[in-house]
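Presented below is the structure to which this report refers.
The sequence lines fix the lettering, A, B, ..., with proteins before strands; numbering per chain opens at 1. All of these numbers come straight from a predicted model, not from anything done at the bench.
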2 protein chains.
Amino acid sequence: MARNRTRDDILTVSARLFARDGFRGTPLSDIAAAVGCSKATLLYHFAGKDAILRELLRPAAAAAFDLDARLTGLTGDDARAAAVDGFVDLVLEYRSEVGLLYADPHLVDMPALAEFKPIVDRLCSAFAGGSADPADQIAAQVVLSGLCQVGLEHAADPHPGLRDALTRVARRALLLASDRPTD
Amino acid sequence: MARNRTRDDILTVSARLFARDGFRGTPLSDIAAAVGCSKATLLYHFAGKDAILRELLRPAAAAAFDLDARLTGLTGDDARAAAVDGFVDLVLEYRSEVGLLYADPHLVDMPALAEFKPIVDRLCSAFAGGSADPADQIAAQVVLSGLCQVGLEHAADPHPGLRDALTRVARRALLLASDRPTD
DNA sequence: ACCATGCCTGACCGATCGGCCAGGTTCTGA
DNA sequence: TCAGAACCTGGCCGATCGGTCAGGCATGGT
């Protein structure tokens, strides 16, 4: 895991700066200064700025893939409830990563991050319960992006009641029963 | 109003490109090319890139100020309902402008746009009904940013049922009665 | 003692971008 | 007709940024 101390520092510092100023808003020189190394060192450990972002996002991407896979086996309100619960968990677990993508929507146009798009689409569809009613789809979009926003807003605030509050508001908005269905 | 043809073209084209690629993602050279004039012409008509954005956002800013002023006279659920209805109207009326700010959250750090921040805060507080309960404030944040997202997503899609769908999902999420209170 | 490897760096490069300027052209009113 | 204002432009500048490169330094194995 910890192949190198400096390498880990770069990731830690990058995560903080990217979350604060956005990916495009954070020059390599700022990362280098915060780490205490030269800009060239960053490029020694990583193939480029994009590679730093990709590695930072990898655990979150894996979790998103996982959630996506879990949802394919479910249908109806089971799928909707699992999608809400799973996504709230994912947002809380990877707040800064979600906030990062949220704060720079054009990042998903990067080739390396294109894999996220279909997952988000399927997640949105799961929120809507596969309904063709535009009102349901719009509600799903509102909930999805609203939950993401919290990743930004509360990036450094481990509020204990946050999970419940998010789950409840999402279920209300999506017209889902308030209690967890399967646990 | 129409002081100059080229000037109007610049604003029209800028609105389109800013909405598509974001403010920071749109160089002046692209605007000039799309307008069919030189980059220097842009800077003849406007003090700078920021000035173009400021002028584009002025009508939306005025509407936001207006909504803010209307809300100060109301309290309780009246204020919450008026905030929801007013903000949905504002988002639908100024979709591309809202989407623009949403797509580049760091724009509000621009001095010229700092005026928006307190308005958004008050609007969020109005959504929460002034409640000190974190769950209410979180619900308000989810709704506020969720509604903004739609400005991006449906920027060019004048869907007729959009207003109703947005109002209903917002009211559900905020635990407000579903019918308009005062009309 | 020597070399190979991993780690790190200053200096530099090319591209991009916002903005400035001197000067040219067109329009307008006296 | 002509002066001045309004409009427009190519060319240039400085700053920023991602990325490259040759070389320095420490470490550890032989």
Side-chain angles (χ1 to χ4, degrees), chain A residues 1-57 100-101 103-104 106-114, chain B residues 1-57 100-101 103-104 106-114:
Chain A
M1 183 65 67
R3 302 199 308 200
N4 182 284
R5 171 66 195 281
T6 303
R7 199 185 137 92
D8 293 344
D9 286 350
I10 292 172
L11 287 175
T12 306
V13 166
S14 298
R16 197 181 71 232
L17 294 184
F18 286 168
R20 195 189 65 185
D21 302 325
F23 177 73
R24 281 187 295 182
T26 306
L28 289 179
S29 54
D30 280 10
I31 301 174
V35 170
C37 69
S38 79
K39 207 177 57 173
T41 301
L42 305 182
L43 282 314
Y44 170 77
H45 287 285
F46 297 92
K49 199 185 175 190
D50 292 4
I52 300 178
L53 180 66
R54 233 177 299 132
E55 182 137 343
L56 275 179
L57 257 37
L100 186 50
L101 289 177
D104 229 325
H106 291 280
L107 279 186
V108 292
D109 294 337
M110 274 177 39
L113 272 55
Chain B
M1 183 65 67
R3 302 199 308 198
N4 182 283
R5 170 69 194 279
T6 304
R7 198 186 139 92
D8 293 345
D9 287 349
I10 294 172
L11 287 175
T12 306
V13 166
S14 298
R16 197 181 71 232
L17 295 184
F18 286 169
R20 194 188 64 186
D21 303 325
F23 177 72
R24 281 186 294 180
T26 306
L28 288 179
S29 53
D30 280 11
I31 300 174
V35 169
C37 68
S38 78
K39 209 177 56 173
T41 301
L42 303 181
L43 299 177
Y44 170 76
H45 288 285
F46 297 91
K49 200 185 174 189
D50 292 4
I52 300 178
L53 179 66
R54 234 177 298 131
E55 182 136 344
L56 275 179
L57 257 36
L100 186 51
L101 289 176
D104 230 326
H106 291 281
L107 280 186
V108 292
D109 295 338
M110 274 177 39
L113 270 56

Any [X] side-chain nitrogen or oxygen under 4.0 Å from OP1 or OP2 of [N]:
{"X": "B/Y44", "N": "D/dC8", "answer": "no"}
{"X": "B/N4", "N": "D/dA6", "answer": "no"}
{"X": "A/H45", "N": "C/dG6", "answer": "no"}
{"X": "A/S38", "N": "C/dC8", "answer": "no"}
{"X": "B/T6", "N": "D/dC8", "answer": "yes"}

With no hydrogens and no angle check, is any side-chain donor or acceptor of B/N4 less than 3.5 Å from a backbone partner on B/R7?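 Side chain of B/N4 to backbone of B/R7: a pair is present.
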Verify, without hydrogens or angle tests, whether B/K49 (side chain) and B/T26 (backbone) share a donor-acceptor contact under 3.5 angstrom.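 Checked: pair present.
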Flag side-chain contact, heavy atom, 4.5 Å: B/V35 against B/T41: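 No, their side chains stay 4.5 Å or more apart.
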Is any side-chain heavy atom of A/F18 less than 4.5 Å from a side-chain heavy atom of A/I52?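 The answer is yes, as the side chains (C-beta and beyond) meet within the 4.5 Å cut-off.
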Nearest 0.5 Å, please: how far is CG in A/L107 from CG in A/L57?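 If we round to the nearest 0.5 Å, A/L57:CG and A/L107:CG are 8.5 Å apart.
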What's the spacing between B/I31 CD1 and B/T12 OG1 if we round to 0.5 Å?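 Going from the CD1 atom of B/I31 to the OG1 atom of B/T12 covers 11.5 Å.
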Residue pair B/S14 / B/I10: nearest heavy atoms and the distance that separates them: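 For B/S14 versus B/I10, the nearest heavy atoms are OG-O, 2.6 Å.
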Without decimals, in angstroms, what is the distance between [X] [atom1] and [N] [atom2]?
{"X": "A/F46", "N": "D/dG18", "atom1": "CZ", "atom2": "C1'", "value": "16 Å"}
{"X": "A/I52", "N": "D/dC17", "atom1": "CD1", "atom2": "P", "value": "15 Å"}
{"X": "A/M110", "N": "D/dG18", "atom1": "CE", "atom2": "C1'", "value": "13 Å"}
{"X": "A/L42", "N": "D/dT20", "atom1": "CG", "atom2": "P", "value": "13 Å"}

Checking A/H106 against A/R24 for the side-chain contact (heavy atoms from CB on, under 4.5 Å) test, could you report, in this order, the C-alpha distance in whole Å, the side-chain angles of both residues, the deciding distance, and whether it holds? CA-CA 10 Å; A/H106 291 280; A/R24 281 187 295 182; 4.0 Å; yes
May I have the step-by-step check of side-chain contact (heavy atoms from CB on, under 4.5 Å) for B/D50 and B/L53, ending in yes or no? CA-CA 5 Å; B/D50 292 4; B/L53 179 66; 5.6 Å; no
Could you run down nucleotides 12-24 of chain C 5' to 3' and tag each one B, S or - for protein heavy-atom contact under 4.0 Å? -----SBBBB---
Taking five pairs at each end, how big is the angle between the two axes of the helix from C/dA1-D/dT30 to C/dA30-D/dT1, to 10°?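 Comparing the first five pairs with the last five, the axes sit 10° apart.
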